[in-house]
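Single-structure report; data block below.
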Amino acid sequence: MSKSKVPVIDAIHVTKLFPVMKGIIEGLFKRSEQQYVHAVDDITFTIQEGETFGLVGESGCGKSTTGMLLLQLLNRTSGTILYKGIDVASSFTWPGYISRILNAHFFMPIGYGLSYIFRSKESRELFTEVMNEAIKEARIYKENLNDKEVLDRIKNLRKEIQVIFQNPYDSLSPRFNVMDIVAEPLRLLKVYPSEAEVEARVLHELDSVGLVPPEDFINRFPHELSGGQRQRVGVARAFTVDPKFIVADEPVSMLDVSVRVGILRTMNQLSKERGTAFLFITHDLALARVMCDQIAVMYLGRIVERGPTEEILHNPLHPYTKALIAAVPKPDPDAHRTEDLPIIGEVPSGIDIAPGCRFNPRCIYAIEECSQIDPQLETVKKGYYVACIRYKEINKIKN
Amino acid sequence: MNKKLLTISAIVVGFILAFTPSLMVIGQDPIYGGTLNTPLGADAHALNPFTWGTTYEWYVMAHIYDSLVALDTERQPVPVLCSGWSHNETYEQWTFTLVDNAFWHDGTPVTIDDVYFTYDLLMNDDAIPRRSWLFDEITSLEIVGTDQIVITFGWGPKPADVLFDLATTWIVPEHIWDTIDLYTFANDVNPIGSGPFKFVEWARAQYFRLAAHTEYHLDGPYIDEKILPIISEVETAYYALSVGDIEVMANPPPELEAVADVDPNIAIHESLQDYWVYLGLNQRRYPNNIKEFRQAVMYGINRSEIVDIIRYGRGEVCPASCSLPYGAYYNPAVKQYDYNVATANSMLDALGFLDNVGDDGIREDANGTDLSFDLIVSADAQVSVDTCRFIQEYMLEIGIEVTVVPLIWDVLWQTVGGTGSVSNTYDYDWAFLGWVGFWSDFHPSWARWLFSANGWWGSDQVNIPGWNSTARWEVTALADEILYETDEAVIQTKLDALQVIVAEDLPYLPINILGGTFLYRTDEFKGWVLGPTTDPDNWMTWLAIQLIVAPEGGPGYLALSAIFTLVVTVGLVKYRRKKQ
Amino acid sequence: MFKSILCISGLTICGVTIMGLKSYIAKKLLFAAVAYFVAITLVFFLYHVLPGNPANVFALDPRVPPDVREALLIRWGLNEPLWKQYFIFLGNLLQGDLGYSFLHKKPVSEVIGVSIPWTLLLLGTSFILNAVIGILLGAIVAWRRGSKLDTGFVLTYNVYNALPLFFVGMLFIALFGFTARINNWPIWFPTYGAQTPGASETGFFSYLGDVLWHLFLPLLVLTISGVLGWSWFMRGNLISVLTEDYIKTARAKGLNENQVLFKHAFRNAILPVITNIGMSIGGLIGGAVLIETVFSYPGTGRMLYDALMRRDYPLVQGAFVIIAGLTLLGLLLAEIVYGFVDPRIRTE
Amino acid sequence: MATIRRDNIRRKISKWGRTWKIYRRNWMGVTGLILLSTLVTLAILGPSITPYESHERSEDIFQPPGNGHLLGTNRFGEDVFTILLDSLRISLLVGVIAGSLTVIIGTTIGVTSAYIGGWGDTLIMRITDVILVLPALPLMLLLASLAPLLADVGDFLVPRWLIIAIVYVVVFWPVSARLIRGQALSLKQRAFITSAKSAGAKNGYIIRKHLLPNVFPLMLTMIITSMRQAILYEAFLSYLGLGDPWNWSLGMMLSVAQNQASLATGAWWMYFPPGIAIALTTLSFAFIGIAFDEIVNPRLRKR
């Protein structure tokens, strides 16, 4: 695992809210504020080149959403995602430009006209200022829109970020054969000018994920493959375009234990060979330990603890991480669980989030303050962060 | 303008004849009592004598209402609600005397005031749809004494016109109608008339029940009850007839006649109608305005085959003079157009319509345009569409291409100018239209209605657009003269002359006269016995019905279902025992 | 219990809320109201915008002279601009006034009032028989899947439904109405009308018997197709339910076949059948139009057809408004019942 | 790479071959296919297999079968068998046009609706809801009663049977739109679509390459059902007097036979041939539909 310090992904205060849909009747008769699901709430992390970054947490904590955000398949609500230092998430689009133009040249003047009639001179001057700002913004936007580099970056983004899905039965189109599936990104992104090169690459890729001989596989359809073979096809597909970064969303959780190792080994090997960074999403701490250099533990859309894998798993500081680790069954029959799980109840809804620390309703260490102060990530040491106001007390850490 | 109404009523009445059972039996004494069942093809909507719309309504109401006069076997007027009439020499003043023993169905006597009320209503309200043109010509109406009414016209219409129209005008009771809005009055709960049958029940879309009016001033009906079940399917009606549910069935499909012929209990009665169907050529367009062209087309149509095949031999070919051959004023010496392809072809050749361009078998006219016409026809009547299909084939044989365009009646009527006020009127080549009659069999005024430029049907406005030859003005003159002529011999001479001209010039291309058929059960229903105002081809004939009383006994379904249940129960019990 | 919960699963996130029963019903009512509104608007404009509009047709009526036409157009309000007529129509509808039939010289509601009991009798009886027999038959054939009974059923279903309904009706008339009577079979049935003339005066039970006797044939034709349709649907459902894992579980638990069928499979298979009620009512009404015409039965379907043929537009409108209302009502009831039975349906 | 190409084709054929193998095992499917192909062949060959023209009249009027006329003659002396073939052609045309058009339009709308989502989807689905809850036959009656008015547009005459087909499409497209939308929605959630998106696929590509091929089997079953229904509805409308008065169709034949009381007159050759032809056509469609259903929905297969 290369330890070069070039960040591939910088996620800074990324938030994703989903508006809660209301029924027509509720919307008509019940006056209430729009509620949101806090799927991802203000998370920050960095993934270095060639590094495998693990995202760990119970289902429903926002891991997969984070993955989708990084893949640009969902638009974030706020925050910044930098890919190699460039913000491609706020990609400049024509609709965005048009709405800005409309704002600057249509709605603002109307407001200005209205202010002329109803408001004072001062407000008019203020309005002129705001309007000028809007026009300036639109102009900048337009310049960026024509910026070749940004456009190219967005265009090439697809080539550099790929995904491996959880369910190999679902992620391969049932009407494509293996050749078509693996070649699809190549063809879509027009990586190679000729079809022969595409096919050669596909064969090579299949070979490198362990589907040998590849000629036997290219004409098969997904339903003719075993689960493990399918996931290998998925891996091959993700690696065909030589991405710099791959989101692996629970890639082996649906597979038999016996085939997991092989696939993980393949992934590891390929990422080492090609220097690909991974966002490895999993709920399985053991897997995270094997695969990841860094991990972040998520709870209800927040990162509660982040740091090097070994340190976190050996000596978790956050009560939630402790609970997660305690829940992992030990293969040793004599190792009896001496205490109950240090956690209360089930994962609550992401809509009505408790004030203060999100974990406090379930935390056995919770005190009064926990329901008042929303803890931010604190640096424990370099590269190790935790979000708990009592972590020192709990873990008996002295300053 | 309102003369149209009369003509249309006449058409409708003519149409109704098709639905009227008219049978005669000889040498049998009437038996009183019993129930007669005869089906209606569709339900009536409202029983309003002033606004009725369908023949079914007309048929039902004709049982219930009476008019002052009626027409008898010879189509001569006979008194019904009046005991007699007289007129002055100029026909301007008419006096009718009411009978003294007529009663409304609710028991009140019919008075001269009722007659006055009805006629006054029709005189003063132009908007009544069912209203004869005659009432436009009345200048005054006056009651004399207790039982006489004097009608004064501005000029002297002929007796046939006056009496025919009064025969189609029902008298309504003043005590019911004086307070209601006659446009919105459905009159269907308990219509009160003075006719031979009383209204008993109307189960909507199911049946009518009518009972004999025992107080009827003339000889009442022989039967006690008449039921008109509403059966929309011909097949069902025939089944009902063959099992004896109904006794009479009007106008079955021709194929049924052959079947009925085999059934010993069913007899067939046939009659001719007094109207015909024709092909109209829009003479505003070339070459329809050429007389020889019309004649050639006429020669090219095998009309007897149309009668034989499409009409299944019912009715007959209509003479080119458009006069009914069994009528009093028919001139047999007119030109007839027997089917002759050779003649038709040679006439067309002579006109210069040759197939010069291409070898498509279609002739071209002088301008080099194909002789190709659209033939519009009502899509509602399969028979008409079939006829047009035949015409299409005949025309192809003489090198004329015809495209049949079935249209719904409203559009067809609009196109041929029936409404007179729509912009695209006369935008057609040929039209196939039905049922034109106007009593050409018994009264000379038919000629004026059909052919005079002043008559309605014959006017440019409606039906023979563009007929503009000298023949037209000769015919108009003749027809108008006949109207004021009193000498029968002169009338006959002029009509003969008119018919010759018409047959030569062919303003219409008459195709065939329709026939009517009735199937009736001989075991239960013996036909009609003529009453004082009836005749076999007259719609007044249900007055006198002789009926062998239908066998007693209901459907017996209760007993049958009991037996059925018994059988099933026994079977089940046995089956169970066997199983055990 | 119906507290909002959130479900975030896999890659996709969907807000799933289970509504309260009240708001579920309210929602369905609202939808039915909107659908109804659109339906009546549709039928109104269909006839007023297209060339066959009543004013035109009325104007074209050969029996009405032009000077009279004007007066009558004013009388029926047909001279008003279209939007005004539309609002008059809507306003009247709200007051239960369906308009005025030109032909019957009566309020449309009165005209329909006469025919609708017959239609309800035919449809209602048929509907109940369809549901009960259909579901049971479907369950039986699904249970005996692949047996001769099943094959026979599949064949019967397909053959019967391959024949046009009116054709079957005509065959039945020929067989049970005519042939049976001619040959003096013990049982025959009337082939037209809904009652024997004068039967209403013969006492209640005798009258009832007469009405049912007349009802039998149309009901039979309509019901056979309905029963087959319902059981076909039920069979399909039950078969797919029977292959579910929980049925295997139930069997594995040692439940006997009857318990598996009725406690587990049947209840789950019947739910989609209930939602299908709405659709089946639409089909049933369509069938009723045909059947009522074939059997000269005095129902609303035949009346609608008559009115169409005679171009009595207010009546067409009225009949359609009523028929669409009936269908919607059926659908609404089905959905409410379904909402009671299966809370899952209430998810947004 | 030429080897791969050839191999590809072989595999594709074998996929169809496998489908055919499953299909062949179903006796209903085979019967249906044989029946339908016979009927279609008859309809297409039509004029060339009978010695008569469709409107050719002969001297033999109203003859029972035999004597040179396979199915007898009608009252015009026209050969009923010839008319039957003509009718079969129009009926099949109505079925094919209405059936496939319904599903094609429904699919287009359904897929679009599922794909655009949001307000557009809601609007389209509300429209389908409204049309779906209206009783189909009365609605068709209403629309078909306007057909004669629509048929006479300008100089161009739209054949009435085509209008009936269009009326069928207007009334029944929501059925397929709903089903297809449901299918498309569930497909949209599938990971392979997301996967394609992350590989940079545009909407058009996803619809073309991923959605449509996957809804195709459903479309096929629906087209078959729809064709079967359209033929029946044409017969219904003809029976109620709203058919094409100018072209023979099976429904029209029945309607004419019935107006002439053919059953009562014992003219069974007027009545049964169209009745049986309708039955056979719809039955063959139904059988093929069942067989397809088993292929698409393997759970229905007998084990």
Side-chain angles (χ1 to χ4, degrees), chain B residues 1-2 4-5 8-9 12 37 39 42-43 45-46 48 51 53-54 126-130 183-188 201 203-209 227 229-233 235-237 239-240 242-243 245 380 408-411 413-414 418-422 554-555 557-558 560-561 563-564, chain C residues 51-52 56-57 59-69 71-72 75 100-106 111 114-115 118 170 173-174 177-178 181-182 186-198 200 202 206 209-210 213 292-299 302-303 306 309-312:
Chain B
M1 196 71 88
N2 277 322
K4 290 178 192 174
L5 289 174
I8 290 163
S9 313
V12 173
N37 298 280
D43 197 12
H45 300 104
N48 187 326
T51 60
T54 64
D126 287 352
I128 295 174
R130 297 295 167 194
Y183 291 101
T184 57
F185 188 39
N187 191 36
D188 56 356
E201 189 192 0
R204 288 254 176 191
Q206 295 183 61
Y207 57 82
F208 280 95
R209 273 171 75 201
I227 291 171
I230 293 151
I231 306 176
S232 41
E233 297 299 330
E235 204 145 42
T236 312
Y239 288 148
S242 53
V243 297
D245 273 357
D380 302 343
I408 59 168
W409 170 248
D410 299 331
V411 178
W413 184 247
Q414 177 183 341
T419 54
S421 63
V422 185
Y557 54 89
L558 280 178
L560 284 174
S561 53
I563 293 168
F564 180 70
Chain C
N56 242 351
V57 167
L60 296 177
D61 191 331
R63 300 175 299 247
V64 185
D67 46 334
V68 178
R69 188 184 309 139
L72 292 179
R75 185 185 283 273
Y100 189 88
S101 161
F102 301 146
L103 223 55
H104 291 259
K105 316 274 173 229
K106 270 184 167 187
V111 181
V114 179
S115 66
W118 296 112
M170 291 309 298
I173 286 178
F178 175 67
R181 248 178 112 179
I182 286 288
I187 287 197
W188 55 271
F189 295 96
T191 53
Y192 59 90
Q195 66 199 45
T196 310
S200 54
T202 54
S206 160
D210 186 63
W213 190 51
E292 282 171 2
T293 314
V294 175
F295 288 91
S296 299
Y297 204 77
R302 183 172 163 222
M303 205 200 60
D306 269 3
M309 291 289 116
R310 302 217 178 281
R311 297 175 209 291
D312 186 1

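We name chains A, B, ... by the order of the sequence lines, and we start the count at 1 in each one.
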Quick check on C:M303 against chain B: is it the side chain, the backbone, both or neither that has a heavy atom closer than 4.5 Å? neither
If every non-hydrogen atom of C:T196 is compared with every non-hydrogen atom of B:Y207, which pair is closest and at what distance? O-OH, 4.2 Å
Per-residue contact mode, B:I230 against chain C (heavy atom under 4.5 angstrom): both
Atom pair CG/CZ of B:N48 and B:F185 - distance to nearest 0.5 Å: 7.5 Å
Under a 4.5 Å heavy-atom cut-off, does chain C meet the side chain of B:R204, its backbone, both or neither? both
Might you point out which heavy atoms bring C:F189 and C:I187 nearest each other, and give the distance in Å? CE1-CG2, 3.3 Å
Select one option (side chain, backbone, both, neither) describing which atoms of C:S200 are under 4.5 Å from chain B's heavy atoms. side chain
My understanding is that only residues two or more places apart in sequence, or in another chain, count here; which of them pass ring pair (Phe, Tyr, Trp, His ring centres under 6.0 Å) with C:Y297? none
For B:E201 versus C:G198, what's the shortest heavy-atom pair and its separation? OE1-N, 4.1 Å
What part of B:A237 lies closer than 4.5 angstrom to a heavy atom of chain C: side chain, backbone, both or neither? neither
Using non-hydrogen atoms only, which part of C:V111 is less than 4.5 Å away from chain B: side chain, backbone, both, or neither? neither
Would you call C:E292 and C:R302 a salt bridge, using N to O less than 4.0 angstrom? no
Residue among C:S115, C:G193, C:P190, C:A174 with most heavy-atom pairs under 4.5 Å to chain B: C:A174
Which of these passes side chain to side chain contact (heavy atoms under 4.5 Å, CB included) with B:E233: C:T293, C:I173, C:T191? C:T293
Residue B:N37 versus chain C: region with a heavy atom under 4.5 Å: neither
Residue selection (most heavy-atom pairs with chain B, distance under 4.5 Å) from C:M170, C:K106, C:Q195: C:Q195
Could you tell me which of C:P197, C:P298, C:S296 has the largest number of non-hydrogen atom pairs under 4.5 Å with chain B? C:P197
